[in-house]
Asker: 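Mind having a look at this structure? Questions to follow.
Chain naming here is simple, since letters A, B, ... match the order of the sequence lines and numbering starts at 1 in each.
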Amino acid sequence: MDYAFFPGCIAKNVYPGIEKATRIVFEKMNVGLHDYPYSCCPPPGVVACYDKDTWYALGARNLALSEPDNRDIMTICAGCYGTLHNVWHELQHNDAKRAYVNEHLGRIGMTYKGTSRPIHFVDLLDGMRDTITQNKEVDLDLRVAVHYGCHYLKPTTVTGENSESPMLLDEIVGLVGCKSIPFKDRLTCCGAGGGVMSGEPELSLKIMERKLKNIKKADVDCIVNICSFCHMNFDQSQKKLESFDIPVLHLNQLLGLAFGVKHKHLGLHMNLVSTRDLVKKVKGAKKGRDEE
Amino acid sequence: MDKTMDDIIREGNAYACIQCGRCTGSCPSGRECGLRTRKIIHMARVGIDVFKTEELWDCTTCFTCQERCPKEVKITDIIIELRNLAVKNSYYPSMADVPKIIIQNLYRTGNGQPLSPEVSKLRSIIGLDKEPNDIAKDKEALADFQKLLDGLPLMRWGGI
Ligand code: SF4
Ligand code: SF4
């Protein structure tokens with residue numbers, strides 16, 4: 001299997017451990033990831049909220065890059081997925097908009113055909129459950145709080161997901177021995193989207209604080225997300241709020257640990273909230289398994 | 001393809017709103033600030049220039065209201081369109097400086113969040129290329145991207 005790989009600017013330029021973990025984990029599962037000269041998605045918060053037509057045109061440029069190679073595009077961030085998938089979806093049935101983006105792309109010698117589909121990596125993992133189990137070296141035995149990310153789930157008219165009781169991520173962490181612990185308002189927004197984190201950081205932090213309080217009550221070992229942007233918000237906000245210390249892992253970093261990859265190769269030591277205790281716990285589980 | 005207030009209300013199905021308030025009750029942002037989603041829809045419908053209100057920018061675009069609305073009002077879509085209208089009419093949110101920097105970064109490097117020397121170092125520590133294999137590295141692609149962006153409305157409305 002081969003995909004065009006869309007890492008997104010947070011995984012590339014802020015939390016490179018996420019990019020690295022993704023490359024390692026998918027290589028182990030025999031999925032080829034290919035690079036293209038992508039720009040950022042562009043961000044739904046700032047660009048779509050300022051000018052939607054620009055958002056369509058820049059999104060279409062990214063989508064068109066792997067069309068000559070017939071490759072679908074794998075994203076690892078709900079924000080990138082939200083942009084690319086919404087743009088793709090709109091251009092599938094809005095001919096006027098498609099003509100508009102092609103008129104602009106024509107200025108730089110490109111055409112958008114819509115033949116390469118964006119896919120969120122967790123949907124890809126859904127069809128690879130056996131491969132995940134085969135690659136598992138450690139049963140992690142962790143209590144985790146999962147976070148889906150709004151733009152992976154919604155709007156359901158575009159995503160086709162179940163936005164009120166999704167189970168996919170809970171099931172996937174279960175495959176590597178983790179238990180997804182329920183907590184109050186588990187599906188609410190982390191507060192980062194819509195340009196609120198950049199435009200109104202205090203409001204964003206309040207939304208996050210409420211979320212973290214609920215997670216803290218669930219007494220988990222870590223937060224597991226499928227969105228680099230939420231990941232950044234969870235990690236950075238805890239540092240700002242000073243009253244929380246729940247480690248934050250992108251799902252691909254969690255899978256990396258379960259596949260026996262060293263935590264430093266996954267960039268876990270680069271998080272602001274320390275992952276030391278978590279890593280110790282996983283090492284204990286690994287040792288237990290080796291001695292059996 | 002500029003939309004008028006009327007286009008936005010009609011396309012977003014705002015006339016179907018029964019003012020039940022489920023949107024406001026579902027809003028994670030409204031719990032912490034003055035955003036009242038139901039009120040935004042109401043104001044839009046009765047012809048008030050709601051794109052001028054600051055609360056419009058408190059929405060995280062989480063789509064919860066839109067999912068839960070019993071009358072299928074495309075609430076979040078409406079909010080995003082109203083923001084577009086606000087930008088075109090120069091009603092920027094009071095704290096729009098950071099978004100502006102993001103747009104400048106996007107133009108300069110192809111990424112809203114550019115690479116810093118610190119992260120470049122972190123990348124090589126964990127065995128990634130110092131610079132991501134993306135548009136910022138590919139100067140030809142970046143020049144084309146800038147040419148593309150030069151002709152798009154964001155550069156006209158984005159205030160940069
Ligand atoms: S949920 Fe829908 S019908 Fe109810 S007030 Fe909000 S927009 Fe109107
Ligand atoms: S989309 Fe905006 S208005 Fe609607 S619930 Fe989310 S934050 Fe509130």
Asker: Does any heavy atom of chain B fall under 4.5 Å from the side chain of A:Ser163, the backbone, both, or neither of them?
Answerer: side chain
Asker: Tell me whether B:His42 at atom NE2 has more than 12 heavy atoms from other residues, nucleotides or ligands lying less than 6.0 Å away.
Answerer: no
Asker: How about B:Lys71: does its NZ atom have over 12 heavy atoms from other parts shown lying under 6.0 Å from it?
Answerer: no
Asker: With a 4.5 Å cut-off on heavy-atom pairs, point out which of B:Leu148, B:Leu149, B:Leu82, B:Leu115 contacts chain A the most.
Answerer: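 Winner by heavy-atom pair count: B:Leu148.
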Asker: How long is the span from the OG atom in A:Ser39 to the OH atom in B:Tyr107, to the nearest 0.5 Å?
Answerer: 13.5 Å
Asker: By a 4.5 Å heavy-atom criterion (distance strictly below it), what part of B:Leu106 contacts chain A: side chain, backbone, both, or neither?
Answerer: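 B:Leu106 touches chain A through side-chain heavy atoms alone.
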Asker: Quick one: what part of B:Asp138 sits under 4.5 Å from any heavy atom of chain A, side chain, backbone, both or neither?
Answerer: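 Only the side chain of B:Asp138 comes within 4.5 Å of chain A.
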Asker: So what's closer than 4.5 Å to chain B heavy atoms on A:Glu209: side chain, backbone, both or neither?
Answerer: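 Neither part; nothing is under 4.5 Å.
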Asker: Applying the side chain to side chain contact (heavy atoms under 4.5 Å, CB included) criterion to B:Ile102, which one of A:Ser198, A:Cys9, A:Pro42 satisfies it?
Answerer: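 When side chain to side chain contact (heavy atoms under 4.5 Å, CB included) is applied between B:Ile102 and each of A:Ser198, A:Cys9, A:Pro42, only A:Ser198 qualifies.
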Asker: Does a salt bridge link A:Asp185 with B:Arg31, judged by any charged N lying under 4.0 Å from a carboxylate O?
Answerer: yes
Asker: Heavy-atom cut-off 4.5 Å, strictly under: side chain, backbone, both or neither for A:Leu266 against chain B?
Answerer: neither
Asker: I'd like to check A:Leu203 versus B:Ser29 (side-chain heavy atoms, cut-off strictly below 4.5 Å). Are they in contact?
Answerer: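 The answer is yes, as the side chains (C-beta and beyond) meet within the 4.5 Å cut-off.
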Asker: Measure the CD1-SG distance between A:Ile207 and B:Cys27 for me, rounded to the nearest 0.5 Å.
Answerer: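 So the gap between those two atoms works out to 7.5 Å.
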Asker: Of the non-hydrogen atoms in B:Ala141 and A:Pro37, which two are nearest, and what is the gap between them?
Answerer: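 Smallest interatomic distance, heavy atoms only, reads CB-CB, 3.8 Å.
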Asker: Go through the atoms of B:Gln113 and report whether side chain, backbone, both or neither lie under 4.5 Å from a heavy atom of chain A.
Answerer: both
Asker: Using the side chain to side chain contact (heavy atoms under 4.5 Å, CB included) rule, pick out the option among A:Val101, A:Val47, A:Asp51, A:Leu58 that qualifies with B:Leu152.
Answerer: A:Leu58
Asker: So for A:His151, is it side chain, backbone, both, or neither that comes closer than 4.5 Å to the heavy atoms of chain B?
Answerer: side chain
Asker: Below 4.5 Å, heavy atoms only, C-beta onward: do A:Asn13 and B:Asn111 meet side chain to side chain?
Answerer: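 Of all side-chain heavy-atom pairs linking B:Asn111 with A:Asn13, at least one is under 4.5 Å.
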Asker: Please look at A:Arg107 and chain B and tell me whether the side chain, the backbone, both or neither of the residue comes under 4.5 angstrom of a heavy atom of that chain.
Answerer: both
Asker: Return the minimal non-hydrogen interatomic distance between A:Cys49 and B:Trp57, and the atom names on each side.
Answerer: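 Heavy atoms of A:Cys49 and B:Trp57 come nearest at O-CH2, 4.2 Å.
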Asker: Would B:Ile103 and A:Val46 satisfy side chain to side chain contact (heavy atoms under 4.5 Å, CB included), going step by step from the backbone distance to the final call?
Answerer: CA-CA 8 Å; B:Ile103 295 171; A:Val46 173; 3.6 Å; yes
Asker: If you apply the rule side chain to side chain contact (heavy atoms under 4.5 Å, CB included), what do you find for B:Phe63 with A:Cys150, and how did you get there?
Answerer: CA-CA 7 Å; B:Phe63 282 95; A:Cys150 298; over 6 Å; no
Asker: Looking only at heavy atoms, which two atoms of A:Gly193 and B:Thr61 are closest? And how far apart?
Answerer: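 It is C-OG1, 4.4 Å.
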Asker: Kindly check if the number of other-residue, nucleotide or ligand heavy atoms within 6.0 Å of CD (B:Gln19) is above 12?
Answerer: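 Atom CD in B:Gln19 is packed in, count exceeds 12.
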Asker: Are any of the side-chain heavy atoms of B:Val119 and A:Pro16 separated by less than 4.5 Å?
Answerer: yes
Asker: Which atom names give the shortest non-hydrogen contact between B:Leu154 and A:Tyr50, and what distance separates them?
Answerer: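 Looking at all heavy atoms of both residues, the shortest contact is CD1-CB, 3.6 Å.
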Asker: I'd like to check A:Arg210 versus B:Glu32 (side-chain heavy atoms, cut-off strictly below 4.5 Å). Are they in contact?
Answerer: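 SC-SC contact between A:Arg210 and B:Glu32 confirmed.
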Asker: Heavy-atom distances under 4.5 Å only: say whether B:Asn105 touches chain A with side chain, backbone, both or neither.
Answerer: neither
Asker: Is there a side-chain contact between A:Lys12 and B:Arg123 (heavy atoms, below 4.5 Å)?
Answerer: yes
Asker: Under 3.5 Å, side chain of B:Glu67 to main-chain N/O of A:Lys154, donor-acceptor pair present?
Answerer: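 A pair under 3.5 Å: no.
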Asker: Of all the heavy-atom pairs spanning B:Arg83 and A:Gly194, show the shortest one and how long it is.
Answerer: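 Smallest heavy-atom distance, with atoms named: NH1-O, 2.9 Å.
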Asker: Contact between A:Lys264 and B:Ile125 at the side-chain level, heavy atoms closer than 4.5 Å - yes or no?
Answerer: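 Answer no - side chains too far apart.
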Asker: Does the side chain of A:Arg61 reach to within under 4.5 Å of the side chain of B:Ile135, using non-hydrogen atoms?
Answerer: yes
Asker: Of the backbone (N, CA, C, O) and the side chain (C-beta and beyond), which part of B:Glu140 lies under 4.5 Å from a heavy atom of chain A, both, or neither?
Answerer: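 Neither part.
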Asker: Could you tell me whether the side chain of A:Asp35 and the main chain of B:Asn133 form a donor-acceptor pair under 3.5 Å?
Answerer: no
Asker: Quick check on the interface: out of A:His265, A:Glu19, A:Met197, A:Arg23, who has the most heavy-atom pairs with chain B under 4.5 Å?
Answerer: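 Looking at each of A:His265, A:Glu19, A:Met197, A:Arg23 in turn, A:Glu19 comes out on top.
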Asker: Under a 3.5 Å distance rule, please check whether A:Lys20 uses its side chain to pair with a backbone N or O of B:Ile126 as donor and acceptor.
Answerer: yes
Asker: Considering only heavy atoms from C-beta outward, does the side chain of B:Thr64 approach that of A:Thr188 to under 4.5 Å?
Answerer: no
